[in-house]
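Both ligands and their constituent atoms are indexed starting at 1 by order of listing.
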Amino acid sequence: MDRLKTDQVFQSYGRCCRSELFFVEFYANFMSSSDTIRRRFANTDMEAQRHLLRNGIMQLILHARGMSDRKLRALGESHNRDHYNIDPQWYSLWLDALMRTVRTHDPEYTPQLEKDWREVIGPGIELIRGAY
Ligand code: HEM
């Protein structure tokens, strides 16, 4: 993957992570996309979940930078039909919710940057989704 693109996305993520609100709003956006999804987090400790997700998104970016896919494979397993049973169709809602959140939290957001985000983290998402 183009190093310049993954750098742009890495830096954008750094700007987003300056505020914990990024993760609060991500889950608000994601849960507002469907009641079925909202119900999946009904008994979740959301503070812990936000920390786990912070790391999970980092893993998606690092994967594009050539890092081992061991951690993403573990996420693929936890989300598969035998565990959380996450319908593969939900990943596009997940990505759209993430992009909506980046748009409002990264002061340097541009439509091109959003394209880069989608391109950079797409393969890592496919890895998790494909493990269903
Ligand atoms: C590529 C996109 C995604 C990433 C990076 C991601 C990341 C994570 C991480 C890091 C965890 C905690 C670690 C673990 O339990 O394995 C987790 C748990 C979870 N994720 Fe995802 N996830 C993604 C997509 C989704 C989608 C689309 C759903 C649909 C509802 C979902 C629902 C859940 C649930 C229900 C849990 C467990 C919550 C609990 O412990 O109560 N995830 N996810």
Side-chain angles (χ1 to χ4, degrees):
M1 174 95 47
D2 181 343
R3 189 78 184 184
L4 193 64
K5 262 183 201 166
T6 66
D7 279 352
Q8 302 284 2
V9 170
F10 209 177
Q11 284 161 18
S12 169
Y13 189 46
R15 292 188 293 272
C16 291
C17 285
R18 281 183 200 148
S19 162
E20 169 82 7
L21 267 184
F22 177 77
F23 297 95
V24 173
E25 281 174 28
F26 164 75
Y27 277 110
N29 283 332
F30 186 39
M31 290 190 211
S32 77
S33 49
S34 126
D35 278 344
T36 314
I37 288 175
R38 182 184 299 280
R39 279 195 294 274
R40 299 307 300 267
F41 294 103
N43 300 312
T44 301
D45 170 350
M46 289 312 293
E47 194 178 334
Q49 184 66 24
R50 289 195 289 270
H51 277 96
L52 292 165
L53 184 71
R54 178 189 287 258
N55 187 255
I57 294 172
M58 180 63 91
Q59 295 304 325
L60 292 174
I61 299 172
L62 291 177
H63 175 65
R65 292 165 78 89
M67 245 213 15
S68 145
D69 58 9
R70 191 174 54 84
K71 292 199 171 131
L72 293 186
R73 279 193 278 113
L75 284 178
E77 178 156 10
S78 69
H79 288 65
N80 76 12
R81 68 182 79 226
D82 298 323
H83 298 94
Y84 302 143
N85 192 22
I86 301 305
D87 187 327
Q89 292 184 16
W90 291 344
Y91 288 88
S92 60
L93 297 176
W94 187 96
L95 180 57
D96 287 344
L98 184 68
M99 292 300 98
R100 222 181 309 153
T101 321
V102 169
R103 220 173 288 152
T104 53
H105 279 265
D106 181 359
E108 295 179 33
Y109 172 87
T110 62
Q112 180 58 47
L113 181 62
E114 175 166 342
K115 279 200 193 125
D116 293 347
W117 262 97
R118 289 177 181 272
E119 191 181 325
V120 166
I121 66 175
I125 295 174
E126 280 311 302
L127 195 155
I128 298 173
R129 199 168 78 98
Y132 186 68

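Taken from OG in Ser33 to CE in Met31, the straight-line distance is 9.5 Å, to the nearest 0.5 Å.
Judged by distance alone, the side chain of Thr101 and the main-chain N or O of Ala97 form a donor-acceptor pair under 3.5 Å.
With sequence neighbours excluded, the residues satisfying side-chain hydrogen bond (donor to acceptor under 3.5 Å, both in side chains) with His83 are Asn80.
No single ILVMFWY cluster, assembled from side-chain heavy atoms under 4.5 Å apart, contains both Met99 and Leu21.
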Distances only, to 0.1 Å: what are the N or O pairs between ligand 1 and the protein that fall under 3.5 Å?
{"residue": "ligand 1", "atom": "15 (O)", "partner": "Tyr84", "partner atom": "OH", "Å": "2.3"}
{"residue": "ligand 1", "atom": "16 (O)", "partner": "Ser78", "partner atom": "OG", "Å": "2.7"}
{"residue": "ligand 1", "atom": "20 (N)", "partner": "His79", "partner atom": "NE2", "Å": "3.0"}
{"residue": "ligand 1", "atom": "22 (N)", "partner": "His79", "partner atom": "NE2", "Å": "3.0"}
{"residue": "ligand 1", "atom": "41 (O)", "partner": "Thr44", "partner atom": "OG1", "Å": "2.6"}
{"residue": "ligand 1", "atom": "42 (N)", "partner": "His79", "partner atom": "NE2", "Å": "3.1"}
{"residue": "ligand 1", "atom": "43 (N)", "partner": "His79", "partner atom": "NE2", "Å": "2.9"}

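At a threshold of 4.5 Å between non-hydrogen side-chain atoms, the residues Ile121 and Leu95 count as touching. With contacts defined as side-chain heavy-atom distances shorter than 4.5 Å, the pair Trp90/His79 does not qualify.
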